[in-house]
There are 2 protein chains.
Amino acid sequence: MEPLAFHHHDHSHCEGDVMHRAEALAKEQGLRLTPVRKRVLEILLEAHKAMGAYDVLQRLAAEGFGNQPPVAYRALEFLVEHGLAHRIRRLNAFTACMHPGEAHSPAFLICRQCDSVAEADAAGVRAALGASADALGFTIERSNIEALGLCPACKAA
Amino acid sequence: MEPLAFHHHDHSHCEGDVMHRAEALAKEQGLRLTPVRKRVLEILLEAHKAMGAYDVLQRLAAEGFGNQPPVAYRALEFLVEHGLAHRIRRLNAFTACMHPGEAHSPAFLICRQCDSVAEADAAGVRAALGASADALGFTIERSNIEALGLCPACKAA
DNA sequence: GCGTATATGTGATAATATCACAAGTCAAGG
DNA sequence: CCTTGACTTGTGATATTATCACATATACGC
């Protein structure tokens with residue numbers, strides 16, 4: 001897991017790279033990465049930050065896709081379902097997954113200043129959470145771990 | 001931190017107990033636990049599960065308080081702000097805090113079957129999350145940790 | 001090709017949340 | 001007592017986020 005988001009990096013490269021992995025993954029698993037779905041993923045990758053469903057929808061509509069909410073929500077739901085995007089509940093928004101395919105249990109670090117979102121390694125976090133849940137006899141199926149704060153860049157400024 | 005939610009317990013007792021602690025806390029800190037706010041906390045405690053703002057509002061309206069959304073949202077915001085309630089983002093809902101005053105960093109265990117919500121000990125979780133964030137130079141100010149799954153009771157049934 | 005499952009387009013509507021402003025309440029100081 | 005200022009509440013309007021229902025189209029297995 002690379003701490004991509006908070007470091008300078010060749011952005012166009014990371015877009016293409018992630019996109020290729022996503023496509024390979026889709027093929028591998030027999031997923032249908034249709035035009036709308038693919039375009040939504042591209043939009044999220046280009047933005048490189050969390051986007052609301054309606055922001056995505058606006059982009060789609062401008063490109064000739066349907067302009068009703070379900071168009072965006074369905075594509076986003078598909079991507080999230082298959083691990084190609086994540087839903088950031090704190091922001092009512094979505095981001096592209098930067099590590100598609102890699103089994104990862106993401107924790108999100110959300111900068112309250114610049115709204116950037118990074119995926120942090122959450123293996124340890126998840127282990128601790130699992131332990132707490134076990135102690136109560138609770139079985140975890142999914143979890144959201146989101147932190148709000150200041151990213152390195154905004155802290156410096 | 002007691003694993004209250006998933007065990008049989010004298011419910012009316014826990015309501016009164018938490019309410020008393022909340023009132024003491026408010027006095028101590030010079031908070032104004034006004035009628036609406038107090039009533040909202042009571043409603044959450046009585047329900048003993050996550051409630052949407054509009055559910056709370058409906059109860060309030062039936063009791064002669066205002067019936068516009070801000071009435072509920074403001075009271076809920078106040079309670080959350082001061083640690084007397086929690087916002088469960090996954091459910092767009094709110095619960096009473098079962099441990100007011102105790103410095104605690106809650107993780108929420110949400111049963112997808114019965115919608116009960118328990119606060120789990122998250123000290124370890126938070127430590128791990130802090131470590132991940134540090135590694136990226138990110139400073140955490142607040143965080144939400146929510147897990148969805150099956151509570152002991154629903155697992156048995 | 002045919003039939004079936006899946007995906008998309010579209011209009012309507014539901015659910016959640018915030019804004020703006022007026023009116024009321026409370027407490028401290030003159 | 002009475003004024004003042006901060007905070008709280010009531011209310012109407014509106015913004016934002018999300019889902020439903022149903023028709024149409026597209027892709028896939030046979």
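We find that R74(B) and E77(B) are not joined by a salt bridge, their nearest charged nitrogen and carboxylate oxygen being 4.0 Å or further apart. Ion pairing of E23(A) with K38(A) is present here, as a side-chain N (NZ or NE/NH1/NH2) and a carboxylate O approach within less than 4.0 Å. Ion pairing of R89(A) with E146(A) is absent here, as no side-chain N (NZ or NE/NH1/NH2) approaches a carboxylate O to less than 4.0 Å. For the pair R87(B) and E81(B), the salt-bridge criterion is not met [side-chain N within less than 4.0 Å of a carboxylate O].
Comparing atom distances between the V71(A) side chain and each of dG9(C), dA17(C), dG10(D) picks out dG9(C) as nearest. Out of dA12(C), dT17(D), dT18(C), the shortest distance to the side chain of P69(A) is found at dA12(C). With distances taken from any side-chain atom of R37(A) to the nucleotides dT8(C), dT8(D), dG10(D), the minimum falls on dT8(C). Here the nucleotide nearest the side chain of V36(B), chosen from dT9(D), dT8(D), dT11(D), is dT9(D). Between dT8(D), dT8(C), dG12(D), one nucleotide has an atom nearer to the side chain of T34(A) than all others, and that is dT8(C). Comparing dA7(C), dT16(C), dT19(D) by their closest approach to the side chain of N92(B) singles out dT16(C).
Here the C1' atom of nucleotide dT17(D) and the CZ atom of R89(A) are 12 Å apart, to the nearest Å. The CG atom of L33(A) sits 19 Å away from the P atom of dT26(D) (whole-angstrom rounding). Between the CG atom of L91(A) and the C1' atom of dT16(D) there is a distance of 14 Å, rounded to whole Å. Rounded to an integer number of Å, the gap from D55(B) CG to dA15(C) C1' is 11 Å. Put simply, CZ on R90(A) is 15 Å from P on dT17(D), counting in whole angstrom units. Atom CD1 of I88(A) and atom P of dT17(D) are 14 Å apart (whole Å). Atom CD of Q68(B) is separated from atom C1' of dT11(D) by 5 Å (rounded to the nearest Å). For L76(B) and dT16(C), the CG to P distance is 13 Å, given to the nearest whole Å.
In this structure, R32(A) and Y73(A) both approach DNA chain D, and ranking their closest nucleotides by distance from the 5' end singles out Y73(A).
Counting non-hydrogen atoms under 4.0 angstrom, R74(B) reaches a base of the nucleic acid. The residue Y54(B) sits close to a base: some heavy atom pair falls under 4.0 Å.
Hydrophobic clustering (ILVMFWY, side-chain heavy atoms < 4.5 Å, transitive): L84(A) and V71(A) are in one cluster.
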